[in-house]
Number of protein chains: 4
Amino acid sequence: MARKVGSVGTETADKVRQTALLLFARHGYAAVSMRQIARQIDLQAGAIYNHFPTKQQLLRDLLVSHMERLLAAWDAEGVEGLPAGEALVAFVRFHLRYHTQCGEEVFISYMELRNLEEENFLDIEALRKRYEKGLQDILERGVADGTFRISDPRVTTMALIAMLTGVTNWYRSNGRLSLGEIEALYVGMISGTVGLKEV
Amino acid sequence: MARKVGSVGTETADKVRQTALLLFARHGYAAVSMRQIARQIDLQAGAIYNHFPTKQQLLRDLLVSHMERLLAAWDAEGVEGLPAGEALVAFVRFHLRYHTQCGEEVFISYMELRNLEEENFLDIEALRKRYEKGLQDILERGVADGTFRISDPRVTTMALIAMLTGVTNWYRSNGRLSLGEIEALYVGMISGTVGLKEV
Amino acid sequence: MARKVGSVGTETADKVRQTALLLFARHGYAAVSMRQIARQIDLQAGAIYNHFPTKQQLLRDLLVSHMERLLAAWDAEGVEGLPAGEALVAFVRFHLRYHTQCGEEVFISYMELRNLEEENFLDIEALRKRYEKGLQDILERGVADGTFRISDPRVTTMALIAMLTGVTNWYRSNGRLSLGEIEALYVGMISGTVGLKEV
Amino acid sequence: MARKVGSVGTETADKVRQTALLLFARHGYAAVSMRQIARQIDLQAGAIYNHFPTKQQLLRDLLVSHMERLLAAWDAEGVEGLPAGEALVAFVRFHLRYHTQCGEEVFISYMELRNLEEENFLDIEALRKRYEKGLQDILERGVADGTFRISDPRVTTMALIAMLTGVTNWYRSNGRLSLGEIEALYVGMISGTVGLKEV
DNA sequence: CATGAATGAGACTTCATTCAT
DNA sequence: CATGAATGAAGTCTCATTCAT
């Protein structure tokens, strides 16, 4: 009835996070119950509430921490000094690598926005905007110095992100194409999209 | 708007369909209850079962009929005889027009696939493949006659569809850009993506 | 899974009301669960919600209908025309008879006020005030015509009601004293309390 | 304020007692959780169990200690030697003063009896009987020496206690009437009730 | 002596679905 | 073809209580 021997708070919280992520990604937030999450990690449903005050907060937590990790990873790439063309290539490769490797984790941030309550939605939205801004800055830089030929950088930003993220719908690690080959294909296509002369 | 075999064609059934489509699109299949649907059209939940045997079947019905309408509309465009370049432009304009105008209704076919039971999933998947095949055929035709420069038409098909469908995430009929302007932007970008020389 | 043969809405609702009344009286609103109520009348807990939207509403319903019946019964006594002394005796006898015979039903209206949400509380409170007003009017009439000697009719009203209602705490239909004897005792005591000369 | 045998005398235990008393009085035993009590004194629910073995025991503890304090306070009034009339007046004043000043704390001893388990109920009941006996003795003394005219001292005892305790339902320290005025009113009314000639 | 994590039960309420009327 | 009442399961969350730390 009490703490299991050896159980530690952060470990359980992490297991909840991982399991919830997986299940939310697989079946959707609304279709997954707290009981289901708990069952998978051999816990009573009520115990989850020692770590997350509500199911909604658990979702928010997942999305926030995903976006923050994503932003941190992108910042770590350090492309700021690069010429626009190289920076764009770096972004494409980064986004594909990150989103195919995080696998399902990524899925839900695009999927479950409608299940967020107002305030949580705005927070996540802000983080997503910040990430998109990274790409948009590169595009605008390239337009300014003549590297790219783009009519509307905002629209192109969203078009490219949609195009790239779509990969998660069909990518399989053991599929016909390796990640490297996929990266090359997308670099090629996107170079065309933005009117880049050579890559 | 052809009615599918086996579905009941009453006024009530149609109202259920419309309401369910809207609510599923807005909140997700799992988050919408039969009671909610019924309430919106001043009905008791039980009455829905006079028209649809289960909630799952209602979702299937919606997705099938959406895909069939989409395919019929695309066939009606009659682009088969056109040169690949013109056909691609036609596809881009068609897809954008159809998906922005159907509004939310379209959303769910990409969203709710995971809530379909095996058999239903396969049926919808087949219809989606058929639609994608329309684009892929154009791309392959253009590759064959030298109009496009594309490394992997299958990947490009999926990249373009993702890019185009992404528009539904931000398009607002009273937004900064008119649908015509958006179409022009995407025709421009996609021409670059497939290496088309002039448009 | 559907309606039981012969089941009728109002009958079930009434059975719920009766059972809830009994259980709330016996154990208190907070200590009684919807399941307990349902179990006693061979129903699933969820079915109660076909008749009452919430547990709180069920309590409110009980209290309102108790107070309304009480007021109606008192009005039916038709004491308005009587001299104050006789009217007071009528009130005492009525209150004792009604409250001992309704038995537990009465208990909760004094007990569960704190479990009512603001708005419901105010509604019940208003009904109780109306009932108390009946007694207060008699007292004031008697003061005006010299029948009673009372310093503060408002305080006396509440004192008498508390004194009378207290009977429900110990009255047993098979106890040492018959209801008639109890009535006589209280008429005697209360006559003294209000300074009435003879009864 | 004597501490009962077996109870722990720490500061924390006292804070628990005070808080529980207040919350039980306000919302009722069943409606108050151990967590709520703990939260109010910046404690974890588990910590309460270092001081009280169960919630039930905590309630019992509260009621017992309330009744013991009440009895001790009454004994301290030292009315045994007084003539019945004066003793009754003393009782009335004492009861009103004690019950209005302890405020809500008193409420629960009349309210939560039904939430006591058998054995605890009997213990509290015995204490209450002892207190009532104090009044009944006075009444019987007064009947014996002709000071009072009372038909049934047992019933009158309960009637008077109910009447007096009812004050806690409406008394406000900043209300229309001061405690002194209220005492005077009740002394007056009760003198009438028991047929006392002059006060 | 307090914390924090856990249990197992159970709270209110809603769900998809059924079916007598 | 709709209603309204029902089932049985399950939803989120809270409860009293326990106990390793």
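Chain letters run A, B, ... following the sequence lines, proteins first and then strands; every chain starts at 1.
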Worksheet item: Using purine N1 to pyrimidine N3 plus N6-O4 or O6-N4 for Watson-Crick, or N1-O2 and O6-N3 for G-U wobble, each under 3.5 Å, what pairs with E:dT21?
Response: F:dA2
Worksheet item: Roughly how far, to the nearest 0.5 Å, is CD of C:Glu125 from CD of C:Glu118?
Response: 10.5 Å
Worksheet entry | Sub-4.5 Å side-chain heavy-atom contact between A:Arg128 and A:Leu113 | yes
Worksheet item: Between D:Met67 and D:Leu70, does a side chain to side chain contact (heavy atoms under 4.5 Å, CB included) hold up when you go through it step by step?
Response: CA-CA 5 Å; D:Met67 286 308 300; D:Leu70 176 64; 4.0 Å; yes
Item to complete: Could you work out which one of E:dA5, E:dA11, F:dA16 sits closest to the side chain of D:Tyr49?
Response: F:dA16
Fill in: G-U wobble or Watson-Crick pairing nucleotide for E:dC15 (cut-off 3.5 Å, both distances)
F:dG8
Discussion item. Starting the side chain at C-beta, find the nucleotide from F:dT17, E:dT17, F:dC15 nearest to D:Thr54.
Written reply: F:dT17
Discussion item. What's the closest nucleotide to the side chain of C:Ala47 if the choices are F:dA2, F:dT7, F:dC13?
Written reply: F:dT7
Worksheet item: In whole angstrom, what separates A:Asp14's CG from E:dA5's C1'?
Response: 15 Å
Practice prompt. Measure from the side-chain heavy atoms of A:Lys55 and tell me the nearest of E:dT7, F:dT12, F:dC15.
Written response: F:dT12
Worksheet item: Once you round it to whole Å, what is the distance between C1' of E:dC15 and OH of B:Tyr29?
Response: 12 Å
Worksheet item: Between E:dA5 atom P and A:Lys15 atom NZ, what is the distance in whole Å?
Response: 13 Å
Worksheet entry | Residue B:Ser33, side-chain heavy atoms: nucleotide from F:dA6, E:dT7, E:dC15 that is nearest | E:dC15
Practice prompt. Measure from CD1 on B:Ile48 to C1' on F:dT3 and round the result to the nearest Å.
Written response: 13 Å
Discussion item. When you compare the side chain of C:Leu59 with that of C:Lys55, does any pair of heavy atoms fall below 4.5 Å?
Written reply: no
Fill in: Side chains of B:Arg114 and B:Phe121 in contact at under 4.5 Å (non-hydrogen atoms)
no
Response to the item:
Regarding the side chain of A:Met34, the nearest nucleotide among E:dA16, E:dT7, F:dT12 is F:dT12
Practice prompt. Side chain of A:Ala45 only, please: which of F:dC13, E:dC1, F:dA6 is the nearest?
Written response: F:dC13
Practice prompt. For E:dG4, take OP1 and OP2 only and decide whether either is under 4.0 Å from a side-chain N or O of A:His51.
Written response: no
Discussion item. I need the CG-P distance between A:Leu58 and F:dC13, as an integer number of Å.
Written reply: 10 Å
Worksheet item: Between atom CD in B:Gln56 and atom C1' in E:dT17, what is the gap in whole Å?
Response: 15 Å
Worksheet item: A:Gln44 side chain: which of E:dT7, F:dT12, F:dT3 is closest?
Response: E:dT7
Discussion item. Are C:Tyr29 and C:Gln56 packed together at the side-chain level, in the sense that at least one heavy-atom pair is separated by less than 4.5 angstrom?
Written reply: yes
Response to the item:
The residue, B:Ala31 or A:Gly46, whose nearest nucleotide of DNA chain E is more 5′ is A:Gly46
Worksheet item: To the nearest angstrom, how far is C:Gln36 atom CD from E:dA9 atom C1'?
Response: 14 Å
Item to complete: Consider the side chain of B:Arg35, meaning its heavy atoms from C-beta on, and name the nucleotide among E:dC15, E:dA5, F:dA16 that approaches it most closely.
Response: E:dC15
Discussion item. Using heavy-atom distances to pick each residue's nearest nucleotide on DNA chain F, tell me which of B:Asp42 and A:Arg39 is more 5'.
Written reply: B:Asp42
Worksheet item: If only side-chain N and O atoms of B:Thr12 are considered, is one of them under 4.0 Å from the OP1 or OP2 phosphate oxygen of F:dA2?
Response: yes
Practice prompt. Would you mind reading off the distance between A:Asn50 atom CG and F:dC15 atom P, rounded to a whole angstrom?
Written response: 13 Å
